[in-house]
Protein chains: 2
Amino acid sequence: MTEPTRPMRRQDIRRENEKAILLAAEKVFAEAGFGGATMQLIADLAGLPKANLHYYFATKEELYRSVVQNIFEIWLQAANCFDAARGPVDGISAYIDAKMEISRRHPDGSKVWASEVMHGAPVLQDYMESTLREWTDGRVEIIRRWIEEGKMDPVDPRHLLYMLWATTQHYADFGHQIETLNGGKSLSDRQWREAKENIKRVILTGIGAQPA
Amino acid sequence: MTEPTRPMRRQDIRRENEKAILLAAEKVFAEAGFGGATMQLIADLAGLPKANLHYYFATKEELYRSVVQNIFEIWLQAANCFDAARGPVDGISAYIDAKMEISRRHPDGSKVWASEVMHGAPVLQDYMESTLREWTDGRVEIIRRWIEEGKMDPVDPRHLLYMLWATTQHYADFGHQIETLNGGKSLSDRQWREAKENIKRVILTGIGAQPA
DNA sequence: GTCTATATGTAGATAGAC
DNA sequence: GTCTATCTACATATAGAC
């Protein structure tokens with residue numbers, strides 16, 4: 001005998017279904033790319049008839065756009081730790097931690113984002129030219145100030161940011177390669193920690209920002 | 001009046017056409033992904049009727065496989081500079097130079113390779129488990145020796161390799177993002193040089209392998 | 001070895017009963 | 001809001017004349 005639960009309101013149904021669809025879509029887009037993904041696959045994974053996808057997201061492209069925007073938001077949020085910091089050691093450490101956490105917890109989203117950029121950002125070009133550019137310019141300014149204050153060596157801020165993005169994203173985007181070289185096993189807690197510490201150590205030492 | 005040229009032999013025709021097809025395919029696969037690429041697009045870019053593609057490469061998958069293998073070969077060749085080196089400064093510098101040159105000269109190939117790995121290496125899994133693993137193990141051994149000989153700090157060799165791959169590949173795979181942040185212009189000679197020098201400096205300093 | 005025409009499958013998207 | 005049946009377009013791949 002199941003206790004009768006309060007019937008879901010339309011809003012609830014919509015929210016739950018959209019969430020399930022977005023989650024499934026992220027996985028399928030990550031594994032197959034935009035062109036290789038099919039609405040049928042996504043529907044099956046979400047446990048819904050294919051026609052329902054079109055009820056919630058009119059077109060495949062609209063669904064894809066939602067997935068990409070979601071991960072982009074997460075990506076930007078990782079910036080907060082960067083801003084509050086008083087120096088490169090705090091700021092860059094926290095940023096690497098945050099980005100590595102994203103690589104670990106949202107590997108599919110990271111791959112979709114990487115794929116979007118690799119193919120010329122067909123749907124997020126406007127974001128890149130506005131939000132991302134502003135974010136980047138702000139961080140460049142912060143790094144420049146740190147250099148002026150003698151808190152780190154005079155390293156080109158942009159190339160340093162690219163380095164941070166590259167090294168952290170790599171663990172998501174090339175996760176399969178890393179797993180294969182790890183004997184086919186995914187990285188353990190310990191190995192993730194080592195990866196993070198390694199990146200921090202090499203980069204912080206490399207820019208002359210030694211931990212106190 | 002055109003001078004009558006010696007008629008091409010069958011072999012020549014085959015070689016030329018295959019080359020044109022592979023070049024076009026690399027570009028289309030890079031831009032659209034495997035699923036998004038169409039034989040029609042590749043044929044148009046190669047300047048051949050679509051049916052001819054199937055004459056040279058029976059299936060889309062076979063054509064794709066050839067493209068991926070090509071770039072993988074180039075990728076592996078960059079390893080040579082690494083081996084001959086007497087220490088981390090020489091070896092890692094040369095490797096970064098070689099990989100950055102690949103990112104610059106073969107951005108499409110790099111993207112195809114990245115895409116292949118991101119999607120779980122459906123066609124190159126066997127290579128990754130044999131050739132790539134052996135290559136990696138060999139390089140890990142070299143780095144370990146350098147550490148023992150006191151030529152660099154005790155950094156985890158695997159994570160160091162990932163860092164080298166990530167930072168150099170990034171300039172190809174995320175080239176569009178970098179261009180957008182560069183005001184929509186592709187990097188100049190000078191900027192490429194700066195990028196290379198920056199990576200070398202941060203990493204070599206970071207692992208305690210200072211140039212003499 | 002080349003190329004037009006076409007066979008065959010499957011994708012995205014929709015109609016319309018429930 | 002759900003789901004079956006179906007439309008339409010286009011992709012891969014091939015047949016067969018040249």
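In what follows, every chain begins at residue 1, and chains take the letters A, B, ... in the order their sequences are listed.
Scanning both residues, S186(A) and Q191(A), for their nearest heavy atoms gives O-OE1, 4.2 Å.
Within 4.0 Å of Y56(A), counting heavy atoms only, lie sugar-phosphate atoms of the nucleic acid but no base atom.
With rounding to whole Å, L53(A) atom CG is found 14 Å from dA11(C) atom C1'. Regarding I13(A), its CD1 atom lies at a distance of 6 Å from the P atom of dT2(D), rounded to whole Å. Distance, N17(B) CG to dC3(C) C1': 13 Å, rounded to whole Å. Taking atom CD of E62(B) as the reference point, atom P of dT12(D) lies 15 Å away to the nearest angstrom. Atom CG of L41(B) is separated from atom C1' of dC10(D) by 12 Å (rounded to the nearest Å). In this structure, N52(A) atom CG and dA15(C) atom P are separated by 16 Å, rounded to whole Å. In this structure, L48(B) atom CG and dT2(C) atom C1' are separated by 10 Å, rounded to whole Å. Nucleotide dA13(C) holds its C1' atom 14 Å from the CD1 atom of I42(A), rounded to whole Å.
The CE atom of M128(B) lies 9.5 Å from the CD atom of E179(A); values are rounded to the nearest 0.5 Å. Put simply, CD on E26(A) and CG on L45(A) are 11.0 Å apart, with the number rounded to the nearest 0.5 Å.
With salt bridges taken as basic N to acidic carboxylate O contacts below 4.0 Å, one links D137(A) and R158(A). Using a 4.0 Å cut-off between a side-chain N of Lys or Arg and a carboxylate O of Asp or Glu, K200(A) and E197(A) qualify as a salt bridge. With salt bridges taken as basic N to acidic carboxylate O contacts below 4.0 Å, none links R201(A) and D156(B).
Across residues 21-37 of chain B, not one residue has a non-hydrogen atom less than 4.0 Å from an atom of DNA chain C.
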Please enumerate all protein N or O atoms sitting under 3.5 Å from an N or O of nucleotides 13-18 of chain D, with distances to 0.1 Å.
| residue | atom | partner | partner atom | Å |
| --- | --- | --- | --- | --- |
| dA13(D) | OP2 | H54(B) | NE2 | 3.4 |
| dA13(D) | OP2 | K60(B) | N | 2.8 |
| dA13(D) | N6 | K50(B) | NZ | 2.9 |

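In the set dT2(C), dA11(D), dC3(D), dA11(D) carries the atom at the smallest distance from any side-chain atom of T38(B).
Between the side chains of E116(A) and Y64(A), at least one donor N or O sits under 3.5 Å from an acceptor N or O.
Listed for the H119(B) side chain is a donor-acceptor partner under 3.5 Å among the backbone atoms of S115(B).
Between W75(A) and Y95(A), the distance separating the two ring centers is not shorter than 6.0 angstrom.
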